[in-house]
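Everything quoted here is computed from the prediction, not taken from an experiment. Just so we're on the same page: letters track the sequence lines, and every chain starts at 1.
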Amino acid sequence: AQSVTQLGSHVSVSEGALVLLRCNYSSSVPPYLFWYVQYPNQGLQLLLKYTSAATLVKGINGFEAEFKKSETSFHLTKPSAHMSDAAEYFCAVSVEGNNRLAFGKGNQVVVIP
Amino acid sequence: SAVISQKPSRDICQRGTSLTIQCQVDSQVTMMFWYRQQPGQSLTLIATANQGSEATYESGFVIDKFPISRPNLTFSTLTVSNMSPEDSSIYLCSAAGVTYEQYFGPGTRLTVT
């Protein structure tokens, strides 16, 4: 069954430093992969997606992710953290190539001034 | 993209009662889903809401507890029946088109006392 693994539930990063959130997936079919962000008391907002086109995907708010099939990874990065990046981030994989999504446990990002 | 609204945004209910959550999408979509997010946890898919037919439930979720309706392509309801404190969660509706990404509503925050 398709699944994603996100390690390190809480991630602290200094303002201006690199943000790196790791996501590894398990899928028996070519996966569709997504990163979502959830701000406090809000729903989820799509940051970016991989759907078998370019392996380096650029999203909103300066985030990008690279699909690496050999490593079964889809890590999320942002070169310079901003205070407004403090939120929870979820990696998700489509289940069996359809629209159903399986989510990772999430990373709570704290930005330190 | 699609804009999704949910009603109510939050509610406090007594155990043994039922609550119906409404989800409205601003455009016709192929698929709609219902998720549960327990406190401090990730999202778990409850079911796929099928237009004009019975919903498709994930393992661990049953129709008697979570009846779902989808009378048309832009509207769905989820009922949480015979509630207990363990049902206290955020319930999120999402919608997907042909490009696989899902768009989420703001969620309904349910507290059962």
Side-chain angles (χ1 to χ4, degrees), chain A residues 1-10 21 23 25 27 29-53 57-60 63 65 67 74 87-108 110, chain B residues 1-10 21 23-26 29-51 55-61 70 76 89-111:
Chain A
Q2 283 76 8
S3 65
V4 293
T5 301
Q6 292 179 252
L7 297 178
S9 60
H10 285 76
L21 303 180
C23 173
Y25 69 90
S27 177
V29 299
Y32 293 158
L33 293 158
F34 307 86
W35 276 99
Y36 285 89
V37 60
Q38 185 177 35
Y39 298 101
N41 300 314
Q42 295 187 26
L44 274 70
Q45 181 180 7
L46 179 67
L47 274 177
L48 47 79
K49 64 180 180 182
Y50 168 77
T51 55
S52 75
V57 181
K58 294 187 183 298
I60 62 172
F63 284 93
F67 173 73
F74 190 57
E88 185 138 27
Y89 293 79
F90 294 96
C91 183
V93 63
S94 61
V95 177
E96 299 171 352
N98 61 34
N99 285 102
R100 293 155 62 231
L101 294 181
F103 284 83
K105 293 186 179 297
N107 293 122
Q108 183 68 50
V110 175
Chain B
S1 65
V3 177
I4 301 171
S5 58
Q6 285 185 235
K7 289 194 297 186
S9 59
R10 59 178 63 231
I21 302 167
C23 177
Q24 180 74 54
V25 188
D26 70 340
V29 291
T30 307
M31 304 182 79
M32 295 180 73
F33 304 89
W34 287 97
Y35 290 84
R36 180 175 72 183
Q37 186 177 24
Q38 294 177 300
Q41 302 295 318
S42 185
L43 282 77
T44 301
L45 179 63
I46 297 173
T48 303
N50 299 310
Q51 192 265 325
T56 304
Y57 290 84
E58 298 297 311
S59 176
F61 297 96
R70 188 179 174 192
S76 178
S89 294
I90 301 172
Y91 292 86
L92 296 112
C93 169
S94 74
V98 297
T99 54
Y100 290 93
E101 65 261 31
Q102 291 187 24
Y103 296 94
F104 285 81
T108 296
R109 190 177 297 269
L110 172 62
T111 302

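Taking CD of Gln102(B) as the reference point, atom CG of Leu44(A) lies at 10.0 Å (rounded to 0.5 Å). Atoms CD and OG, from Glu101(B) and Ser94(A) in turn, are 11.5 Å apart once rounded to the nearest 0.5 Å.
Within the 4.5 Å cutoff, the side chain of Leu101(A) has heavy atoms near those of the Tyr35(B) side chain. For the pair Phe103(A)/Gln37(B), no side-chain contact is recorded, criterion being any heavy-atom separation below 4.5 Å from C-beta on.
With a 4.5 angstrom heavy-atom cutoff, Gln6(A) does not touch chain B via any of its atoms. Looking at Leu46(A), only its side chain comes within 4.5 Å of chain B, counting heavy atoms on both sides. At a 4.5 Å heavy-atom cutoff, the contact between Leu43(B) and chain A is made by backbone and side-chain atoms alike.
When each of Glu88(A), Lys105(A), Gln108(A) is scored by its heavy-atom pairs under 4.5 Å with chain B, the top score falls to Lys105(A). When the candidates Cys93(B), Ser94(B), Pro106(B) are compared by the number of heavy-atom contacts under 4.5 Å with chain A, Pro106(B) comes out ahead.
Remark: the backbone N or O of Gly106(A) is not paired with any side-chain donor or acceptor of Ser42(B) at under 3.5 angstrom.
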